Amino acid sequence: MSEAKAIRKHSAQHDLFNRLHSVASDVRFVQTVAAGWYGGRFDVVANQRCGTWYCDPSSSSTAYAYFKSTDGHTNNWNFNLRRSNLPFAQYAEDRGGVILVDSTRRGKRMPDALSKTVPIWRVLPKARSRADWRRCAVINLAISLRRSKASDASEHPPSEWDTTPYLPPNIVSPSEQSQITSRLQAWAEALEASALPLPTLQKPLRPFFLHPSTSVPPTIPSDPPFTPILCLSASRWVGKGSMDEIPSVTRVAGGTVGFEYVQGAGDDDELWGRGLKPGLFHSNKEQLLSVDRDDLPDLVDELVTGAKADALTHAMGGMSLATGDSECIPETSATTSSSLIGSYVSDLHPTGVPGPSSRLALAIGPPISPSAWLFPSSPSCSAIHYVRVVPIDKPSKHETPQWILPLTRDTSVFLCPLAKSDLKGYTHSVAALVDHVRRLVRDRSSGVMLCPGGKADLESARRRQQQQQLDTAKSPATLPETTNSPLPPADVDSRKLILPLALALVLAIPSISQPDLQPDSDSNSEEDDEMPETTKAEIADVLHGLVSLWPDGNPPRAALKRVNQYLMSEGGQPEHPPDQRLLDASSHHHPPLYGTSNPDQPRRAPKLHQHHVLRVAELSPQVRLSSYPAPCRDLVLRPLPLSTNTLTSSPANHDLLAIVKGARNGLVYGAKIRFPHALVMTFLFSHKPLHSKIRNIFTATRTHALNLAKFVSIYKVLLLLQRKLNGGKERDLDTFIAGGLGGWWVFGEATAINEQIVLYVLSRTLLSLLPRLYTTSPHPPSYPFQPLPHPLPALTSPEANPRPIPPAPLPFGVVAALAWAGVMYMFRHRGERIQPGMGNSMRYLYHDSETWKDLRTLLWHNK
């Protein structure tokens, strides 16, 4: 591909003007299908997230559907219970069918989400018996399985019931369809066995597939024997063999302007949208599509900035959290008592979890299914305590983490580190939250509401803590009754942050979901608050129930992993009673954390002396530390793990094991690289005896592998030391210093193998300084070696492992010319400076080709 063509292609794919006008063209096609082809008969529903660009809110439904393409990728087919879309199935039947809109990028006619994930969601083999008559989908099959278990299979199947599997034949091959069909029974059994509420469907779900090249739209009868799911791919197909009519001009300011159409233009908007989102685009569509190409970026920036300011104004205009010891007002309706929980929080739709009568509620936006919180209207309710969840960065290792801070009498701030960047801190914070909520519901019989918090809450809590520490005469009773800090609006990020915390609370405190089981506050017994043994199935049931209420709040994998580990190990019930020696070690009195002796306030963790540590090491390995006081549990040395998996999965061992695995990978990679190279080069160019050749091959392989293993180990150790000396934070030049010292120590000796490795690294380092062909970052670096902004991404994150971008053709060509010009000059005039391996190769190519004795040494042998 020529330089001009490559640059033109990249510019078209990332140009804001092309993207927005491509989206607008696809939106018009969607409206044509909905209004022109079917006369507005079916609701238009966007498949999250890309599909929202093509659905104008003024003419489409707000129903939620999320069919993920990865669940339909070849050899990765799946029916994910966390994306079951069960409410969408009921919604589709209630509406008599829907149009589901999505798109895909260049190279495909339809996204896998529509062509395979949706059919998996509803496809099923032909019914085999009376009990199977409703099995036209995984969902329907699960319903049939549940009814069969309840001996409710007396209905006779209607003759018109359609059990034919439907997949687009030109997109999904018969072999792939057969493999998908073979997995349906297992998926349905998993769905039926889950705690998810299955919809009651009266008709089978049948998908139809539409796209811009559809010449004759499917005819849907007025009262069909099925519920149609019209899977609409909004974008034209740009590719070889495409017969789609690709738009190339648009109207701007009364004139005709050309643009290059981008298939699936709404995808990956974080790379091109400059912060523009579908809702903001549709509300300002006329203005955005009427400005010139050069003025469009400034307009988008202005709109995005204004939208952020409006959101902040809306949040600041909301009422503050009304707290205090207000009396509960009994209500007979399903609505929540706003006199107790505050009108602003009521706007966030507090929802009781896992059920309406639970003492735990989440104020993270309205759930997809109507629900409420009935506990505030219960006669047994005494007060509501609020926990504002504030995400924080990983604290420094020199800081003592304080996960719970008081804000008002009935409001506390929970500092929640991100599980992806601080695994250990996240686990400890979850344990602290569980202990905090357990005290609240045990001592005051109160309800607890988790809601999103902001930086203003954190700053206010820290200021009050500092004031309290200065005035030791103050007690927590002098805390204000209310806070002027409003709640930030609940969004997707807050739901993803709070849902895994709710999962931990529901399973760790069984009494919180049963308002009638309230331990006596005067009793010292904690039997009702102890967490029972928790299984993966129980965790999955509660998780699926939460995600079914807020589908867009599907928690990240890292957070779920840490919550699972807490619930199934440290948070579990002890198999043996606590060891009195450890309790003795934690019985020393220390100053309270907030300058108070109030038992509801967390205490400072006691310092453990050497004899205490020795006693802990003597404990039985079967004793679980969750039975001990939380401060002691967080600080004592744990017994040796009982299995290798426990050792390798412990966050405390991560840094050391990373060095071990780095050395292992250095050995493997060095052997893989050097062995085939040494084997080929030795047998091609060496004239030594066979045993010498074999010895040289293994010597070279061993040297290369050991040197790489040494370098990786030294590099990681130096990085770890620098990070510890800098309070747990990585500086920009840490890698430069560690790499330099490791390179000097391992590769500083000028051996043949070291020369080859250094040349390999040097050449690629120099080439990395060349300008790139394009950039995928919305904020490209000002110079080639500009460091990343802090906080630096995790080493395993996509941001730290970007796809390589090729160099621009012209600079690369100039460097190639200079490199060959220089090496040929040096080889001719100063050959003694050329690296030996390269010198041998060049002599073979340029000097040996000057001499021959006969035809044999001319064409067959070199000499």
Side-chain angles (χ1 to χ4, degrees), residues 658-686 688 692-722 733-770 772 784-785 795 800-807 812 815-816 818-827 830-845:
I659 298 173
V660 174
K661 186 170 182 181
R664 175 263 178 199
N665 287 0
L667 286 171
V668 173
Y669 187 77
K672 286 183 176 181
I673 292 298
R674 176 57 57 177
F675 180 77
H677 177 270
L679 181 68
V680 173
M681 298 300 292
T682 299
F683 278 94
L684 282 181
F685 297 103
S686 176
K688 296 181 179 180
S692 297
K693 292 181 179 180
I694 295 176
R695 184 173 60 251
N696 291 342
I697 292 171
F698 281 97
T699 299
T701 302
R702 182 188 60 202
T703 303
H704 195 148
L706 288 176
N707 282 359
L708 273 184
K710 292 176 185 177
F711 177 80
V712 175
S713 302
I714 293 174
Y715 173 77
K716 284 183 169 290
V717 168
L718 293 175
L719 278 185
L720 180 61
L721 291 176
Q722 292 180 93
L733 291 179
D734 283 358
T735 52
F736 184 85
I737 295 172
L741 293 176
W744 174 270
W745 184 267
V746 178
F747 298 106
E749 184 180 356
T751 63
I753 292 179
N754 283 352
E755 282 190 12
Q756 293 175 359
I757 296 175
V758 170
L759 286 173
Y760 178 91
V761 173
L762 177 62
S763 61
R764 281 147 181 79
T765 303
L766 294 177
L767 287 178
S768 69
L769 302 178
L770 294 180
R772 301 292 98 178
F785 47 91
L795 296 180
N801 299 274
R803 291 185 177 181
I805 302 175
F812 182 81
V815 170
L818 292 176
W820 280 101
V823 74
M824 298 311 297
Y825 176 88
M826 293 300 294
F827 178 66
R830 286 290 177 260
E832 71 276 5
R833 291 177 174 267
I834 299 294
Q835 194 266 340
M838 187 171 189
N840 292 335
S841 301
M842 297 185 72
R843 276 189 292 273
Y844 180 84
L845 292 172

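Everything numeric here is computed off the predicted structure, so don't read it as measured data.
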For atom CZ of Phe683, is the number of surrounding heavy atoms from other residues, nucleotides or ligands below 6.0 Å larger than 12?
yes

Mind checking what makes side-chain contact (heavy atoms from CB on, under 4.5 Å) contact with Arg803, not counting sequence neighbours?
none

Walk me through it: do Leu818 and Val815 pass the test side-chain contact (heavy atoms from CB on, under 4.5 Å)?
CA-CA 5 Å; Leu818 292 176; Val815 170; 5.8 Å; no

Asn696 meets the side chain to side chain donor-acceptor pair (under 3.5 Å) criterion, sequence neighbours left out, with none

Is the closest side-chain heavy-atom distance between Val717 and Ile659 below 4.5 Å?
yes

I'd like to check the side-chain contact (heavy atoms from CB on, under 4.5 Å) partners of Ile694; sequence neighbours left out, ordered by chain and number.
Leu690, Phe698

Are more than 12 heavy atoms, taken from residues, nucleotides or ligands other than Leu762, located less than 6.0 Å from that residue's CG atom?
yes

According to side-chain contact (heavy atoms from CB on, under 4.5 Å), who are the partners of Arg764, at least two apart in sequence or on a separate chain?
Tyr760

Heavy atoms of Ala671 and Ala705 approach each other most closely as N-CB, 3.9 Å

Which residues share a side-chain contact (heavy atoms from CB on, under 4.5 Å) with Arg695, sequence neighbours left out:
His691, Ser692, Thr699

More than 12 heavy atoms of other groups within 6.0 Å of Phe812 CZ
no

Between Leu759 and Met838, is a side-chain contact (heavy atoms from CB on, under 4.5 Å) present by the stated rule, with each step listed?
CA-CA 11 Å; Leu759 286 173; Met838 187 171 189; over 6 Å; no

Please lay out, stage by stage, how Ile737 and Leu718 fare under the test side-chain contact (heavy atoms from CB on, under 4.5 Å).
CA-CA 8 Å; Ile737 295 172; Leu718 293 175; over 6 Å; no

Name all pairs fulfilling the side chain to side chain donor-acceptor pair (under 3.5 Å) condition that reach into residues 666-683, sequence neighbours left out, sorted by first residue then second.
Arg674-His677, Arg674-His704, Arg674-Gln756

What residue pairs, at least two apart or across chains, pass salt bridge (charged side-chain N to carboxylate O under 4.0 Å, His left out) with a residue in residues 734-761?
Arg731-Asp734

Kindly write out the residues that satisfy side chain to side chain donor-acceptor pair (under 3.5 Å) with Arg772, not counting sequence neighbours, or none if the list is empty.
none

Would you please name every residue forming a side chain to side chain donor-acceptor pair (under 3.5 Å) with Ser763, sequence neighbours left out?
none

